[in-house]
Structure formats: structure tokens, C-alpha cells
Amino acid sequence: MRDKSILEKLKAFREFDGATINRYPAREGLLKFIQADGITVSWYSRGKIGVQIGNADTIGVGMRELSNVVSEALS
């Protein structure tokens, strides 16, 4: 359910329209991420959502802040 919520928030931006969730097994669990337009949004099944812009450090955000951070990064 969390994957669907994150995907719905990101599909509001045209850069993420048509993007798919990629999965990568990691020591902490299954890492899921979406990449579009130099922005990578990643998350595990629990915990904060990571937003990385270009080669910068990953910013940890919650579900409420996700749209604001992505919107700021795209402008």
C-alpha cells in the first residue's frame, strides 16, 4: 500500500509519469526506488523516504513532505 501511495504522489509530476518502481535487494531489506530527471526517490518498506537530487546527499523525508521536496527540486 505504501508503494502505491508514493507512486501516486510522484505521478502528479510529469517527469515521473510513466516511471516504474525498481527493486534492489539490500542488507536492510528490499530497496525500492524511482528515477526521473536527475531525481531518485528511494524507500524501504518502513522508515523515511530518501530523495536524492543529482549527486547530492540523500534527504530523508516523510510522506507529507515528499511532494514539496520533489516540487522544489524540479523548479
Side-chain angles (χ1 to χ4, degrees):
M1 186 65 177
R2 184 171 188 206
D3 298 345
K4 186 176 179 180
S5 298
I6 292 171
L7 195 57
E8 285 177 5
K9 282 193 176 257
L10 293 176
K11 294 231 177 192
F13 301 99
R14 64 177 173 79
E15 291 82 2
F16 285 95
D17 191 27
T20 59
I21 297 174
N22 299 297
R23 292 164 176 80
Y24 181 78
R27 186 177 353 169
E28 296 82 9
L30 189 63
L31 173 66
K32 299 169 187 169
F33 63 95
I34 298 176
Q35 294 177 312
D37 218 27
I39 300 172
T40 303
V41 179
S42 59
W43 68 95
Y44 291 99
S45 60
R46 295 190 177 136
K48 291 201 178 240
I49 302 164
V51 178
Q52 182 179 13
I53 303 157
N55 292 330
D57 291 336
T58 302
I59 304 166
V61 299
M63 187 67 80
R64 291 183 182 172
E65 299 92 11
L66 179 60
S67 293
N68 293 338
V69 171
V70 172
S71 177
E72 185 69 27
L74 291 172
S75 59

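For clarity, every value in this text was computed on a predicted model and none was experimentally measured.
- Other residues, nucleotides and ligands place no more than 12 heavy atoms under 6.0 Å from the CD atom of E72.
- Contact record, R64 with N68: O-ND2, 4.4 Å, taken as the closest heavy-atom pair.
- Residues I39 and F33 fall into different hydrophobic clusters, defined by Ile, Leu, Val, Met, Phe, Trp and Tyr side chains chained together at heavy-atom separations under 4.5 Å.
- The structure places OG of S67 at 7.5 Å from CG of L10, a figure rounded to the nearest 0.5 Å.
- Rounding to the nearest 0.5 angstrom, the gap separating the OG1 atom in T58 from the CD1 atom in I53 is 9.5 Å.
- Heavy atoms of other residues, nucleotides or ligands lying less than 6.0 angstrom from CG of D17 number more than 12.
- Here the CD-CD1 distance, from Q35 to I21, works out to 13.0 Å after rounding to the nearest 0.5 Å.
- Hydrophobic clustering (side-chain heavy atoms under 4.5 Å, transitive across Ile, Leu, Val, Met, Phe, Trp, Tyr) keeps I34 apart from L30.
- Cluster annotation: L7 and F16 are assigned to the same hydrophobic cluster (Ile/Leu/Val/Met/Phe/Trp/Tyr, side-chain heavy-atom contacts under 4.5 Å, transitive).
- Not one N or O on the side chain of E8 forms a donor-acceptor pair closer than 3.5 Å with the backbone of S5.
- Linking ILVMFWY residues whenever their side-chain heavy atoms come closer than 4.5 Å, directly or via other members, places F13 and V51 in the same cluster.
- Under a 3.5 Å cut-off, the side chain of E65 and the backbone N or O of V69 do not form any donor-acceptor pair.
- From L66, atom CG reaches atom CD1 of I49 across 5.0 Å, with rounding to the nearest 0.5 Å.
- Both I6 and L74 are assigned to one and the same hydrophobic cluster, defined by single-linkage of ILVMFWY side chains at heavy-atom distances under 4.5 Å.
- Rounding to the nearest 0.5 Å gives a distance of 8.5 Å between CZ of R2 and CH2 of W43.
- How far CG of L31 is from OG of S45: 10.5 Å, rounded to the nearest 0.5 Å.
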